Amino acid sequence: MEPFSGVTVRQAGADDAVGGVQPRWVALPETVEEVSAVLRDCAERDLAVVPAGGGTKLHWGLPPERCDVLLDMCCMNAVLEHAAGDLVVRAQAGVTMDALAGVLAEKGQELALDPPFAEHTTVGGTLATAAAGPRSFRYGAARDLLIGITVVLPDGTIARSGGKVVKNVAGYDLGKLFTGSQGTLGVIAEATFRLHPLPAESRWVVAPLPSGDALARVTASQAEPSAVEIDCPGGAEGADATVAVLVEGSAAEARALELREVLGGGTITAERPEWWGLIMRDDVLLELRFPPARALEALAAAGEAGFAFRGSAATGRAYLEGSEEELAAVTGLRARVEALGGRLHVLAAPETGVDRWGQVSGLPLMRRVKERFDPGRRMSPGRFVGGI
């Protein structure tokens, strides 16, 4: 007997494990209605479900308490509507960001999100993990560009919020709730985004990381940078740290010259640095948040703990890459970061007993939302903060 009638299903293999937890089946829905059918059947049979997009971030978070069904969204990969005149696009969750960019570029437009992996990142995965790229300084993060969402709740109910609403869940902004929810509230099936025209020109100013207040002056410059990124592959003193500043649009070259002067030198190029906005290795990956004015102190703390640092001086968000040995430094680093007014989360790591989240002030509210949406704890149970 087929586990889910009318939906393509295969037996799960070793490559389908989520954090070492082996599912029984992999379901491959092609429509929102098929996602609904799978979740409805799972609810009736008390089966636990973990949604998956391109798999680039499936190892982030804790292993699920249980995983009966891996819900692979790869077949929901259509761009459903591109209203170029309104600067709006609606796409299924399994569309890769690269494929979406190609469709939008044909009309001279873009979704101004910079996925942290070069390949396979999907719309749904970008939203579920709330991944933010360099240009979030100018354009905002995923939840800021999201104007409509279609989700399937754990009982199979299809709900929509924002643009072209058919059914809402009273009292909840589904877009904001589901962005960053790590698949614990339901399944993101479709998303509608606000777009921007492709910039006429782009220039990067690449320079050794300056000392003093130069970064703050760059961020506040009337040259209007779109991003201010730091890359430090390693070193306790940050001696090999580089800053890259992006300017886009009209007179990009002249504005880049202004910013180079503020930085005290550097190279101007029309090609993005090869590391720009990317996560190169994430067996051990931390997310660091800090006040932008404390960027250099946050970088120093990360370097002294042994982590490579890559992220945004302008928005106060960075990824730290390291090895399992560096995890022993998490407690001390977290204390230093919190003293700066920031916070530190462990996104991906082997199971070593390290506290991945630290203190989360909103945890009681998050638990109430989880109980409201998924009282049976069937959606990615235990994957998120506080065992949600």
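None of these values were measured; they are calculated from a predicted model.
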Once you round to the nearest 0.5 Å, how far does [atom1] of [X] lie from [atom2] of [Y]?
X	Y	atom1	atom2	value
Leu333	Leu286	CG	CG	7.0 Å
Leu363	Ile388	CG	CD1	5.5 Å
Ser323	Asp283	OG	CG	10.0 Å
Leu340	Leu344	CG	CG	11.5 Å
Ser181	Leu174	OG	CG	10.5 Å
Asp155	Thr157	CG	OG1	3.5 Å

Would Asp16 and Arg10 pass as an ion pair if we require N to O under 4.0 Å?
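Result for this pair is yes, salt bridge flagged.
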Are Arg135 and Glu248 ion-paired here, with the side-chain N under 4.0 Å from a carboxylate O?
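Between Glu248 and Arg135 there is a salt bridge, with a charged N closer than 4.0 Å to a carboxylate O.
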So, [X] side chain and [Y] main chain: donor-acceptor pair closer than 3.5 Å or not?
X	Y	value
Ser312	Thr315	yes
Arg334	Asp355	yes
Gln92	Asn77	yes
Asp173	Lys176	yes
Arg194	Asp144	yes
Arg281	Gly322	yes
Glu224	Val247	no
Ser36	Val32	no
Gln109	Ala84	yes
Asp231	Trp275	no

Student check: side-chain heavy atoms of [X] and [Y] closer than 4.5 Å:
X	Y	value
Leu153	Leu39	no
Pro116	Leu278	no
Pro199	Glu110	yes
Val50	Pro64	yes
Leu296	Leu215	yes
Ile279	Arg310	no
His196	Leu87	no
His120	Met97	no

Least distance between heavy atoms, [X] atom then [Y] atom:
X	Y	value
Val218	Pro225	O-CG, 3.4 Å
Gln22	Ala17	OE1-CB, 4.0 Å
Gly186	Pro154	CA-CD, 4.3 Å
Leu146	Gly175	CD2-CA, 3.7 Å
Val206	Ala244	CG2-CB, 4.2 Å
Glu30	Thr8	OE2-OG1, 4.3 Å

Flag for [Y]-[X]: side-chain donor and acceptor within less than 3.5 Å:
X	Y	answer
Arg143	Thr179	no
Gln182	Thr184	no
Asp98	Thr96	no
Glu34	Thr31	no
His59	Asp282	yes

In a check of salt bridge (charged side-chain N to carboxylate O under 4.0 Å, His left out) between Glu287 and each of Arg356, Lys57, Arg317, which one passes?
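One option only clears the test, and that one is Arg317.
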Would Glu338 and Arg336 count as a salt bridge (charged side-chain N to carboxylate O under 4.0 Å, His left out) here? Give the steps.
CA-CA 6 Å; Glu338 289 175 351; Arg336 289 189 63 180; over 6 Å; no
Group every Ile, Leu, Val, Met, Phe, Trp and Tyr by side-chain heavy-atom contacts under 4.5 Å, then state whether [X] and [Y] land in the same group.
X	Y	result
Val245	Leu209	yes
Val228	Trp204	no
Trp25	Met76	yes
Val89	Tyr139	no
Leu104	Leu145	yes

Within a 6.0 Å radius of atom [atom1] on [X], are there more than 12 heavy atoms belonging to other residues, nucleotides or ligands?
X	atom1	value
Glu261	CD	no
Gln359	CD	no
Arg272	CZ	no

If you apply the rule side-chain contact (heavy atoms from CB on, under 4.5 Å), what do you find for Thr192 with Val88, and how did you get there?
CA-CA 7 Å; Thr192 303; Val88 169; 3.4 Å; yes
Over 60° means perpendicular and under 30° means parallel, so classify the ring planes of Phe290 and Phe309, tilted if in between.
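Answer is tilted, since the angle falls between 30° and 60°.
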Quick one: sort the Phe117 and Trp60 rings into parallel, tilted or perpendicular, breaks at 30° and 60°.
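Geometry flag for Trp60 against Phe117: tilted rings.
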Among all residues two or more places apart in sequence or in another chain, which pass the side-chain hydrogen bond (donor to acceptor under 3.5 Å, both in side chains) test with Glu297?
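Counting only residues at least two positions away or on another chain, Glu297 forms a side-chain hydrogen bond (donor to acceptor under 3.5 Å, both in side chains) with Arg294.
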Name all residues meeting the ring-ring contact (aromatic ring centres under 6.0 Å, His included) criterion together with His345; count only those two or more places apart in sequence or in a different chain, and write none if there are none.
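With neighbours one apart ignored, the set is Trp357.
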Partner residues of His82 under the ring-ring contact (aromatic ring centres under 6.0 Å, His included) criterion, sequence neighbours left out
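Partners of His82 by the ring-ring contact (aromatic ring centres under 6.0 Å, His included) criterion come out as none, since no residue qualifies.
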Start with the C-alpha gap between Arg383 and Val18, add the side-chain angles, then the distance that decides, and say whether side-chain contact (heavy atoms from CB on, under 4.5 Å) holds.
CA-CA 10 Å; Arg383 294 268 284 156; Val18 181; 3.7 Å; yes
Could you walk me through whether Glu229 and Val243 pass side-chain contact (heavy atoms from CB on, under 4.5 Å), step by step?
CA-CA 6 Å; Glu229 293 288 295; Val243 62; over 6 Å; no
Start with the C-alpha distance between Thr267 and Val205, add both sets of side-chain angles, then the distance that settles side-chain contact (heavy atoms from CB on, under 4.5 Å), and finish with yes or no.
CA-CA 6 Å; Thr267 302; Val205 185; over 6 Å; no
